[in-house]
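Only heavy atoms go into these numbers, but all of them, side chains included; no hydrogens, no water, no symmetry mates. Chain identifiers are assigned alphabetically (A, B, ...) following the order of the sequence lines, protein sequences preceding nucleic acid strands; residue numbering begins at 1 within each chain.
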2 protein chains.
Amino acid sequence: MPVAQPRNRRRIPCSACPLRDCGAFRELDDTELAFVEEFKSGEFQIEAGTVLLEEDNDSPHLYTIMDGWGFRHKALEDGRRQILNYALPGDLVGLQSAMFHKMEHSVEALTDMTLCVFERKRFFELYTDHSELAFDITWLAAREERMVDDHLLNVGRRSAQERIGYIILHLYDRLERIGKARKGELAMPLTQQHLADTLGLSLVHTNRSLNALIKSGLISWENNVCVINDRDKLVDMTHYEGADPRTLRPLI
Amino acid sequence: MPVAQPRNRRRIPCSACPLRDCGAFRELDDTELAFVEEFKSGEFQIEAGTVLLEEDNDSPHLYTIMDGWGFRHKALEDGRRQILNYALPGDLVGLQSAMFHKMEHSVEALTDMTLCVFERKRFFELYTDHSELAFDITWLAAREERMVDDHLLNVGRRSAQERIGYIILHLYDRLERIGKARKGELAMPLTQQHLADTLGLSLVHTNRSLNALIKSGLISWENNVCVINDRDKLVDMTHYEGADPRTLRPLI
DNA sequence: CGTTCAATTGAGAGCGATCAAGTTTAGTGG
DNA sequence: CCACTAAACTTGATCGCTCTCAATTGAACG
């Protein structure tokens with residue numbers, strides 16, 4: 001699959017962005033909103049499986065996810081792959097190539113995705129003209145790092161079942177915060193291979209551990225829908241510590 | 001060990017900072033240097049073992065490491081600990097508390113350290129008055145995330161011996177870049193317990209794997225000095241991919 | 001010369017990997 | 001709507017890497 005090239009599409013004004021209504025994002029003032037609106041160079045839709053950004057490449061674009069799931073990953077030469085994190089609506093992807101002029105990981109669409117496109121060559125304007133937004137970018141970078149920190153603890157120090165429980169809680173909370181999940185139910189586009197590559201486990205062992213977790217009753221997982229049946233016990237079992245759900249985050 | 005509180009000490013002007021001469025950092029112009037000089041509220045020395053920043057706390061300070069090693073880590077309630085990354089001279093620590101008003105990990109001194117102290121409450125001035133420096137902060141945040149990405153791949157997908165080889169190459173390259181290591185030789189303040197907690201392994205297995213690696217001849221490790229005897233073979237064996245050694249990074 | 005911390009070694013168990021079939025589900029084209 | 005195909009999921013069996021428990025050795029220090 002070749003790396004996707006953005007083409008312009010119909011365009012939703014940032015002031016009418018459907019994401020802004022879910023209560024998870026901080027309000028932008030008029031000048032900020034006008035800047036983002038003008039900074040945004042278009043929209044872009046890609047299909048599940050498309051490679052959005054590729055390791056070692058230098059992308060001229062940054063993206064904010066309006067809809068759909070992606071994942072960041074990197075691989076060893078012999079094919080062993082590690083998924084680093086998932087990219088969900090409201091997340092910014094491609095910041096690395098804006099900083100280093102080179103991607104150190106790939107980003108692939110897990111579902112069909114709708115993206116807002118920004119030009120890297122105009123990225124620095126944001127720093128000169130809108131210090132609040134510049135601060136927001138740093139905030140987002142720090143948030144991403146915090147999530148990877150948590151995943152590293154997960155992979156390094158939790159058992160297989162704990163890892164699975166943890167990642168389910170993590171994804172659920174992120175999606176619930178933006179109104180894409182509720183009542184403990186979560187549409188899960190992941191295959192078990194994705195899970196395995198996220199958790200540093202083999203496919204076979206992931207399958208067995210997941211089924212053991214299901215049999216224990218704490219969660220269900222059928223037809224790509226995952227249900228958290230007993231959140232308290234799952235939190236306890238996995239030693240999960242979610243982020244403060246009240247903090248507002250920036251959306252650019 | 002209580003969390004360290006900064007006290008002022010004798011003070012090296014930023015323009016005469018010994019770190020700036022090693023050729024790894026980008027040059028600041030006069031106004032930037034003047035700002036950093038004035039932003040810096042003091043210096044601070046701590047002993048090995050001191051906790052500099054503690055998980056869940058909100059620190060009023062940020063630090064740049066002038067000398068010594070620290071490490072970032074977080075732990076599960078039952079004591080299992082994961083070291084997330086090492087903090088070396090030139091690195092900024094405490095950005096998380098500046099962003100989130102709360103640390104999600106701890107930072108501990110591995111050796112005696114000398115730190116430059118900055119006040120978080122003045123941090124935003126950097127964004128309003130010096131967009132280049134603001135960009136630099138984001139750059140540093142992205143760099144830190146990239147390192148954690150690499151560590152996650154390491155812990156998730158490499159074998160024990162590969163993990164050890166990888167982390168040695170990683171630390172060596174970072175230190176060589178700032179003139180703190182050369183000729184394949186590296187002063188290593190880590191205990192095997194630190195190594196184990198970095199690599200997601202048990203202490204016993206770390207010991208056996210390290211000794212196997214030493215026996216293979218690729219490295220030596222005696223009296224806290226680690227020597228890379230055959231870099232090419234070690235790079236090959238670990239599938240190591242270092243960062244571009246020519247890129248200059250910011251120093252704030 | 002105890003004390004303490006780090007490194008080492010042995011033994012046994014088990015978690016998770018690998019190899020190898022199957023089975024179920026989903027997608028495609030006739 | 002059914003046959004065909006590919007992808008995803010399961011299951012069994014076996015291997016071995018890594019963990020845990022338990023001692024012991026070595027080095028540093030007052």
Residues in contact with DNA chain C, drawn from residues 210-222 of chain B - heavy-atom cutoff 4.0 Å: B:N211
side-chain hydrogen bond (donor to acceptor under 3.5 Å, both in side chains) against B:D232, all qualifying residues, sequence neighbours excluded: none
Between C:dA6 (P) and B:N224 (CG): distance, integer Å: 11 Å
Base-contact (B) and sugar-phosphate-only (S) positions in nucleotides 18-25 of chain C, heavy-atom cut-off under 4.0 Å, - elsewhere: BB------
Ion pair B:E241/A:K74, N-O distance below 4.0 Å: no
B:D197: partners by salt bridge (Lys or Arg N to Asp or Glu O under 4.0 Å), with sequence neighbours left out: A:R157, B:R81
Aromatic ring pairing B:H170/B:Y166, orientation class (parallel under 30°, perpendicular over 60°, tilted between): parallel
side-chain hydrogen bond (donor to acceptor under 3.5 Å, both in side chains) partners for A:E55, two or more places apart: none
Euclidean distance, atom NE2 of residue B:H194 to atom P of C:dC5 [Å, nearest integer]: 13 Å
A:D230: partners by side-chain hydrogen bond (donor to acceptor under 3.5 Å, both in side chains), with sequence neighbours left out: none
Any residue meeting salt bridge (Lys or Arg N to Asp or Glu O under 4.0 Å) with A:D173, in chain and number order, not counting sequence neighbours: A:R231
Pi-cation contact, A:Y86 with A:R174 (under 6.0 Å, within 45°): no
Difference in axis direction between the ends of the helix from C:dC1-D:dG30 to C:dG30-D:dC1, five pairs, 10°: 40°
B:N57 side chain to B:S97 side chain, donor-acceptor N/O pair below 3.5 angstrom: no
Residues forming a side-chain hydrogen bond (donor to acceptor under 3.5 Å, both in side chains) with A:E144, sequence neighbours excluded: A:R72, A:N85
Partner set under salt bridge (Lys or Arg N to Asp or Glu O under 4.0 Å) for A:D67, not counting sequence neighbours: A:K180
ring-ring contact (aromatic ring centres under 6.0 Å, His included) contacts touching residues 189-238 of chain A (sequence neighbours left out): A:F71-A:H194
Short N-O contact, A:D91 and A:R249, less than 4.0 angstrom: yes
Chain B contact limits on DNA chain D, taken 5' to 3' with a cut-off of 4.0 angstrom to heavy atoms: D:dT18 to D:dC21
5' precedence on DNA chain D between B:T206 and A:L190 (nearest-nucleotide basis): A:L190
